[in-house]
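First up is the structure itself, then whatever we jot down about it.
Order of appearance sets the numbers: ligands from 1, and atoms from 1 within every ligand. Numbering of residues begins at 1 and proceeds along the displayed sequence. Because the structure is a prediction, the values reported are computed rather than measured.
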Amino acid sequence: MNAYSRHIATGLVTGSAAVASSFAVMGSTPEYVVAPIAATVVALTPDAVVTASILILGSLGSKLGFLLAHAIAVGLFGAIAIVFAWLGPRYDRGPTSEVIVILGGAAATGVLGLVLVNSWPSALAAAFGLSISHWAVRHLIVEPSSVPGQQRRRFIGGFAALAGFAGIAFWTGRQRGESQRLPGEGVFGTETEPGVVDRAPIDAKLQEAREASFEMDGLDPLVSDIGDFYEVDINSINPTVDAETWSLQVSGAVERPMEVTYDDLLAGEVEHRFVTLRCVGESLNGRKMDTAIWTGVPVRSILDRAGATGDRVMLRAADQYFEEFPLEALEDGFLAFGMNGEVLPRGHGHPVRALVPGHWGEINVKWLNRIEVLDEQQDGYWEQRGWHGTGPVNTVTKLWTVNNLPDGRIEVGGHAYAGTRGIASVEVSADGGGTWTEADLGPELPGIDVWRQWRHVIGPLQEDVTVVVRATDGTGDLQPEAESQPYPSGATGWVSKTIGPE
Ligand SMILES: Nc1nc2c(c(=O)[nH]1)N[C@H]1C(S)=C(S)[C@@H](COP(=O)(O)O)O[C@H]1N2
Ligand SMILES: [Mo]
């Protein structure tokens, strides 16, 4: 092995070990050394590329960025090991050289770790991982040997050890991510959250939703499980915001700027609302649409107390996300701190998110920390990137489930959603749009912004047919037939599918 490839191998191994050690200790939190690099990668990615990667690659786009961030992190830490491996022998050939290489590398890694994440456990873990692996590389793997085949065996052994270490680190970090409940995170009405919120009304509403849901194989219920609820945001690693120290600033064009704490919110008029969210970027028959029962307080009382004088509003969040829209839309808005009877989970905006009735998911800002009233229109994060996602949702009828029944008939079903306009009816065509029949519409859950289920039975069929579905909203408007792509204003059109006998 020549010196050049030895340096590269040393860098890869030690850099990976440093990164893996930080992950093992911190899990997927902002203190993981890759987190700030990932955020920088996203921030530096040209807007057009962000938009294109979301459209073409879906969520894979952000995964590529995350991968790149890991490569950069491994490179940065690995470079430290290489530099010290080179520095040591220049200074001294004896044992001092070794001290410089191992301890110097550890110190520099610790400093880089602290610069990146300002967390001692994370930085120390990285330093430890880097120095231990560097020592192992130098003394166990690359040391020259005259025994035939030994060098190769050492190499294989070394890489197996690294892979094993990375596996354990990954597993430990994952465990940590799951076990690491945020302060105040837990289930309402249990010992983690005693008495904060009365869970009886939530349970009653969850029960109501269960009873109102169709019993149909493969059809999602009216309330989505937290684990199934879609997640869309700009982060590779979500922020961890402590409810205890969190506060919401109300600023800008207001008579009385305010600061609202978590306790202030809990002391307000707590309500439980069924609300559906849908992402403007999802495909026409996609799955980025879900419903939960959210616990929180109306935002109006806060706006009234602050005395808003402008007519636009900017919501800002701990992940530097920001979205702007007419203040009017926020007047029936909600500040949610609970979801399906649990304290709002981190992935959905812990501790507090906004819910804006009838509007695209993107202005339902998570990790909310500022409401800024404006006199003039400004662009939000996605609008700067060409999207028009701050308005009311389009009407959509999903054809999510197709079941071939034992008697040869075919049951089709799904969910329909039109925001605050509501769904008046869903129609199904079994001949490609020639003739239409009204589908069964499930009961309407209480609320002003909730989807409905529909279902219909077709057949028995002798041959394949094209099923088309469409809805009429509560204002009497038929859902537009013309198909459009999600970008820039959300997908439109009638969903169709070919079905036939088995
Ligand atoms: N702070 C913050 N809020 C955010 C986002 C984000 O990236 N950051 N993404 C938005 C988008 S595009 C959607 S569709 C919804 C998704 O909410 P969910 O992840 O709880 O389903 O959150 C919105 N709120
Ligand atoms: Mo979205």
Side-chain angles (χ1 to χ4, degrees), residues 30 38-39 42-43 45 47 50-51 53-55 58-59 61-62 65-66 220 223-241 246 248 273 275-283 286-296 314-325 329-330 333-340 342-372 380-394 396 417 419 449 451 486-491:
V42 173
T45 309
D47 296 350
V50 173
T51 299
S53 73
I54 281 176
L55 287 171
S59 57
S62 59
F66 200 38
D220 289 343
V223 166
S224 318
D225 286 340
I226 289 183
D228 294 336
F229 201 109
Y230 83 93
E231 254 184 75
V232 171
D233 47 62
I234 58 172
N235 314 303
S236 301
I237 292 181
N238 289 326
T240 35
V241 183
W246 171 88
L248 174 67
R273 296 188 184 176
V275 176
T276 301
L277 286 184
R278 183 182 175 211
C279 183
V280 67
E282 75 149 5
S283 60
R287 292 260 173 185
K288 287 177 183 153
M289 175 164 103
D290 278 296
T291 300
I293 173 107
W294 307 88
T295 298
M314 179 77 84
L315 301 186
R316 294 187 184 275
D319 58 349
Q320 310 304 316
Y321 184 76
F322 53 97
E323 277 298 341
E324 193 264 13
F325 51 95
L330 197 60
F334 201 52
L335 298 178
F337 50 80
M339 182 181 188
N340 293 358
E342 297 190 18
V343 175
L344 188 65
R346 182 169 160 220
H348 296 288
H350 184 88
V352 177
R353 78 174 304 163
L355 292 173
V356 187
H359 286 65
W360 293 111
E362 64 165 61
I363 64 169
N364 292 252
V365 173
K366 309 192 271 188
W367 309 286
L368 180 70
N369 60 21
R370 184 179 289 273
I371 299 178
E372 194 182 335
Y381 181 92
W382 287 115
E383 285 53 53
Q384 288 183 349
R385 289 158 179 79
W387 289 84
H388 302 294
T390 62
V393 292
N394 301 338
V396 71
Y417 177 56
D449 182 26
W451 65 8
Y487 184 80
S489 334

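Of the inter-residue distances, the one linking L277 atom CG with K288 atom NZ reads 13.5 Å to the nearest 0.5 angstrom. With rounding to the nearest 0.5 Å, the separation of CE in M339 from CD1 in I226 is 5.0 Å.
Considering only non-hydrogen protein atoms, atom 15 (C) of ligand 1 sits nearest to G361 O, 3.5 Å. The nearest protein atom to atom 3 (N) of ligand 1, hydrogens excluded, is given as K366 N, 2.9 Å; this is a heavy-atom distance. The protein non-hydrogen atom at the shortest distance from atom 8 (N) of ligand 1 is D319 OD2, 2.7 Å. Given atom 7 (O) of ligand 1, the protein heavy atom at minimum distance is I234 N, 2.8 Å. Remark: minimum distance from atom 9 (N) of ligand 1 to any protein heavy atom is reached at V232 O, 3.1 Å.
Each of the following atoms of ligand 1 lies closer than 4.0 Å to a heavy atom of C279: 14 (S). Every atom of ligand 1 with a heavy atom of W367 under 4.0 Å away is listed here by number and element: 1 (N), 2 (C), 8 (N). Every atom of ligand 1 is numbered from 1 in the order shown, and the set under 4.0 Å from a heavy atom of A317 is 1 (N). Near N364, meaning under 4.0 Å from any of its heavy atoms, are these atoms of ligand 1: 22 (O), 23 (C), 24 (N). Atoms of ligand 1 lying under 4.0 Å from at least one heavy atom of F229, given by number and element, are 21 (O). Within ligand 1, counting atoms from 1 as listed, the ones closer than 4.0 Å to a heavy atom of D233 are 5 (C), 6 (C), 7 (O), 9 (N).
In summary, the aromatic rings of W387 and Y487 are positioned with their centroids under 6.0 Å apart.
Checking Y417 against D449 by side-chain atom types alone, a donor-acceptor pair falls below 3.5 Å.
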Q.
H348 vs F229, test: side chain to side chain contact (heavy atoms under 4.5 Å, CB included). Steps then yes/no.
A. CA-CA 9 Å; H348 296 288; F229 201 109; 3.6 Å; yes

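The minimum heavy-atom distance linking R316 with F322 is given by the pair NH1-CB, 3.8 Å. Between A318 and V241, the shortest heavy-atom contact is CB-CG2, 3.7 Å.
For atom 12 (S) of ligand 1, the nearest non-hydrogen atom from the set R353, M289, E362 belongs to E362. Among Y230, Y381, Y321, the residue whose heavy atom sits closest to atom 21 (O) of ligand 1 is Y230.
Salt-bridge annotation for E282 and R287: absent, with no side-chain N of the basic residue lying under 4.0 Å from a carboxylate O of the acidic one.
The shortest N or O to N or O distance between W382 and ligand 1 is not under 3.5 Å.
Contact annotation: the side chain of L248 approaches that of I371 to within less than 4.5 Å [non-hydrogen atoms, C-beta and beyond].
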